[in-house]
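Structure first, commentary second.
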Protein chains: 2
Amino acid sequence: MNFSTSEENYIKAIYHLQQANNLVTTNELATELNTKAASVTDMLKKLKTKKMLHYEPYQGFTLSNEGKKVALGIVRKHRLWEYFLVNKLEFGWDEVHSIAEELEHIHSPVLIEKLDAYLSYPKFDPHGDPIPDINGKMETTKQINLTDLELNAKAEVSAVGSQSSELLELLRHKNIGIGTVLEVIRKFTFDNSIEIVIKKNPPFSISHQLAQTLFVKPLYVSATDGSITK
Amino acid sequence: MNFSTSEENYIKAIYHLQQANNLVTTNELATELNTKAASVTDMLKKLKTKKMLHYEPYQGFTLSNEGKKVALGIVRKHRLWEYFLVNKLEFGWDEVHSIAEELEHIHSPVLIEKLDAYLSYPKFDPHGDPIPDINGKMETTKQINLTDLELNAKAEVSAVGSQSSELLELLRHKNIGIGTVLEVIRKFTFDNSIEIVIKKNPPFSISHQLAQTLFVKPLYVSATDGSITK
DNA sequence: AATAGTTTTTAGATTTGCCTAAAAATAAAT
DNA sequence: ATTTATTTTTAGGCAAATCTAAAAACTATT
Ligand SMILES: [Mn+2]
Ligand SMILES: [Mn+2]
Ligand SMILES: [Mn+2]
Ligand SMILES: [Mn+2]
């Protein structure tokens with residue numbers, strides 16, 4: 001089956017929304033895609049006839065198994081291109097999203113397999129999100145929200161919850177990126193801000209709002225020699 | 001100004017056609033783009049209002065200066081992507097045209113500049129065609145048609161006149177590619193076929209039709225030490 | 001259970017890009 | 001100089017993707 005750019009954008013958006021909610025609603029999707037509910041309904045009908053969706057009028061919708069496969073293919077392309085842009089063309093990781101939003105629609109299976117090989121089969125994109133393999137399988141690293149990290153536990157930043165340029169600007173300013181190892185040394189109940197320390201640098205605090213968008217993989221410090229493992 | 005994929009394909013096609021003919025006709029363009037004359041007329045009107053064309057009904061048309069600039073930008077993107085696909089992703093040079101046909105429409109000036117830098121500012125694409133620089137300037141290597149190469153003169157294949165897969169299949173079979181150094185050792189007047197030799201390999205013959213699609217840069221063999229220069 | 005509020009769908013338009021068939025303009029041939 | 005043939009444009013229509021406004025269906029509240 002062949003899909004237009006627009007159909008692909010809808011399928012991918014539904015995929016992301018149903019990760020959180022399972023059942024997706026018309027208005028949710030309209031908001032996500034900056035379009036109107038009426039336009040969404042039109043597309044839902046089309047995607048249903050293409051067997052991409054489970055959808056009954058007024059009842060919400062989810063991707064069919066076939067739809068999920070298509071979605072994972074687009075996500076795969078998006079994240080591989082992002083990896084390419086950052087690691088080969090030296091873009092900043094806060095500059096690549098919108099370009100990948102176009103590149104993900106280039107239709108050529110062999111292109112994406114050769115790109116994957118060229119990049120040495122990366123497992124995560126520059127934002128810490130896992131890259132599905134050719135069969136749609138991807139790492140499910142047990143990452144937790146930074147707000148849930150316990151006091152005095154070391155952890156490695158593994159993903160960010162948004163790609164907004166405002167967020168990425170702030171992270172760059174604070175020198176936090178994917179792979180940064182940090183430790184929470186204090187939590188303030190007044191505003192839920194937390195104080196963290198990176199390496200031997202002076203501690204600094206980050207807001208609850210920022211902590212909520214950061215995901216980390218806890219690191220386990222050996223009791224005997226102090227070495228760090230994941 | 002912003003252009004749709006369709007508009008860009010038209011502009012680029014007009015650019016290529018007017019290289020040969022100067023004044024381009026509606027039917028020519030329709031054939032080139034596998035579309036109908038009526039569709040071409042529609043697009044001509046649109047491109048004229050966008051000041052891309054000099055066009056009066058029934059009188060043929062050419063690109064305006066602005067149109068040429070846009071065309072060169074698309075050609076630049078097309079050829080840079082082709083170079084990337086062949087020299088980084090290891091595609092065959094006969095497999096890249098249709099993929100580049102899509103990639104050339106990715107809209108991001110900074111992307112193409114970073115790609116150019118990553119590729120070390122190549123001057124020719126995998127088919128021997130010159131790549132315009134950011135200002136639209138490109139090499140005008142004095143290449144001649146293989147049919148015009150004089151007997152017993154060495155020359156380097158620098159371009160092919162078409163990207164048809166039939167042609168490229170034949171070239172691959174005969175082991176001829178961009179950069180191949182050959183020498184014409186005989187010309188047959190009966191069918192205008194010519195006999196050539198590559199390195200120390202056995203000579204073989206190629207048809208007039210094939211010779212017409214090949215362009216070469218003559219090499220000048222030093223009279224004193226036999227060394228080759230361009 | 002009836003009413004009010006919200007969400008979703010339908011109805012009807014618009015834009016872009018394409019098509020076929022017919023008309024108009026140009027070019028070629030007698 | 002007409003007639004004939006070819007090329008190009010116009011007229012009218014269609015499919016995809018969007019929109020606004022109105023109707024229909026669900027949900028929540030009294
Ligand atoms: Mn996209
Ligand atoms: Mn990403
Ligand atoms: Mn193209
Ligand atoms: Mn080329």
Side-chain angles (χ1 to χ4, degrees), chain A residues 1-14 17-18 20-63 67 70-71 74 101-102 104-107, chain B residues 1-14 17-18 20-63 67 70-71 74 101-102 104-107:
Chain A
M1 188 121 40
N2 232 38
F3 299 97
S4 69
T5 293
S6 193
E7 289 170 329
E8 289 189 347
N9 283 335
Y10 273 87
I11 290 169
K12 193 183 66 163
I14 296 167
L17 289 174
Q18 77 179 24
N21 266 23
N22 207 30
L23 203 59
V24 185
T25 69
T26 302
N27 267 350
E28 267 177 353
L29 186 50
T31 303
E32 176 75 15
L33 292 171
N34 293 305
T35 186
K36 297 299 152 71
S39 308
V40 170
T41 302
D42 286 347
M43 185 59 89
L44 291 177
K45 287 188 212 157
K46 186 142 65 102
L47 291 178
K48 187 182 179 178
T49 69
K50 289 195 170 190
K51 301 210 190 287
M52 293 292 110
L53 297 180
H54 301 298
Y55 163 57
E56 292 306 322
Y58 296 100
Q59 304 304 296
F61 45 92
T62 54
L63 291 176
V70 174
I74 305 162
E101 203 56 50
E102 289 185 57
E104 70 189 357
H105 304 291
I106 302 292
H107 170 75
Chain B
M1 188 124 37
N2 233 39
F3 299 98
S4 69
T5 293
S6 194
E7 289 171 329
E8 289 189 345
N9 283 334
Y10 273 87
I11 291 170
K12 192 182 66 163
I14 296 167
L17 289 174
Q18 79 179 25
N21 265 26
N22 208 32
L23 203 60
V24 185
T25 69
T26 302
N27 266 351
E28 267 177 355
L29 186 49
T31 303
E32 176 76 15
L33 292 171
N34 293 305
T35 185
K36 296 299 152 71
S39 306
V40 170
T41 302
D42 286 347
M43 185 59 89
L44 292 177
K45 288 189 212 158
K46 187 143 64 104
L47 291 177
K48 187 183 180 178
T49 69
K50 288 196 171 190
K51 300 208 190 291
M52 294 292 110
L53 297 179
H54 302 299
Y55 163 58
E56 291 306 321
Y58 297 100
Q59 304 303 296
F61 45 91
T62 54
L63 291 176
V70 173
I74 304 163
E101 204 56 51
E102 289 184 56
E104 71 190 356
H105 305 291
I106 301 291
H107 170 74

Write down the distance between [atom1] ([X]) and [atom2] ([N]), rounded to a whole number of angstrom.
{"X": "A:L29", "N": "C:dT9", "atom1": "CG", "atom2": "P", "answer": "11 Å"}
{"X": "B:E56", "N": "D:dT9", "atom1": "CD", "atom2": "C1'", "answer": "14 Å"}
{"X": "A:L47", "N": "D:dA16", "atom1": "CG", "atom2": "P", "answer": "12 Å"}
{"X": "A:F3", "N": "D:dA16", "atom1": "CZ", "atom2": "P", "answer": "14 Å"}
{"X": "B:N2", "N": "C:dT16", "atom1": "CG", "atom2": "P", "answer": "13 Å"}

Look at all strands and tell whether [X] reaches a base, only sugar-phosphate, or nothing, counting heavy atoms closer than 4.0 Å.
{"X": "B:Y55", "result": "sugar-phosphate"}
{"X": "A:F61", "result": "nothing"}
{"X": "A:S6", "result": "sugar-phosphate"}
{"X": "A:T26", "result": "sugar-phosphate"}

Using the side chain to side chain contact (heavy atoms under 4.5 Å, CB included) definition, which of the options A:T31, A:L33, A:N27, A:T26 pairs with A:L29?
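For A:L29, the side chain to side chain contact (heavy atoms under 4.5 Å, CB included) check succeeds only for A:L33.
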Can you spot which of A:T62, A:I11, A:I14 makes a side chain to side chain contact (heavy atoms under 4.5 Å, CB included) with A:L53?
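Result for side chain to side chain contact (heavy atoms under 4.5 Å, CB included) with A:L53: A:I14.
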Only one of A:K48, A:K50, A:K45 forms a salt bridge (Lys or Arg N to Asp or Glu O under 4.0 Å) with A:E7, so which one is it?
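Only one of A:K48, A:K50, A:K45 forms a salt bridge (Lys or Arg N to Asp or Glu O under 4.0 Å) with A:E7, namely A:K50.
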Among the nucleotides [options], which one has an atom lying closest to any side-chain atom of [X]?
{"X": "A:N27", "options": "C:dT7, C:dC18, C:dT9", "answer": "C:dT7"}
{"X": "A:Y58", "options": "D:dT10, D:dA24, D:dC19", "answer": "D:dA24"}
{"X": "A:D42", "options": "C:dT7, D:dT18, C:dT10", "answer": "D:dT18"}
{"X": "A:T35", "options": "D:dC19, C:dC18, D:dA11", "answer": "D:dC19"}
{"X": "A:K36", "options": "D:dT9, C:dC18, D:dC19", "answer": "D:dC19"}
{"X": "B:A38", "options": "D:dT7, C:dT20, D:dA21", "answer": "C:dT20"}
{"X": "B:M43", "options": "C:dT10, D:dT9, C:dC18", "answer": "C:dC18"}

Does a side-chain N or O of A:T41 approach OP1 or OP2 of C:dT9 to a distance below 4.0 Å, or not?
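Answer yes for this pair, as a side-chain N or O of A:T41 is under 4.0 Å from OP1 or OP2.
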Respond yes when some side-chain nitrogen or oxygen of B:K45 is under 4.0 Å from OP1 or OP2 of D:dT9, and no when none is.
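The answer is no; no side-chain N or O of B:K45 sits under 4.0 Å from OP1 or OP2.
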DNA chain D: 5'-proximal contact among B:Q59 and A:S4 (nearest heavy atom)
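Checking each residue's closest nucleotide, the 5'-ward one belongs to B:Q59.
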Just how far is it from atom CD of A:E8 to atom CG of A:N2, taken to the nearest 0.5 Å?
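Reported to 0.5 Å precision, the distance equals 8.5 Å.
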To the nearest 0.5 angstrom, please state how far the OG1 atom of A:T35 sits from the CG atom of A:N9.
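Here the interatomic distance stands at 11.0 Å.
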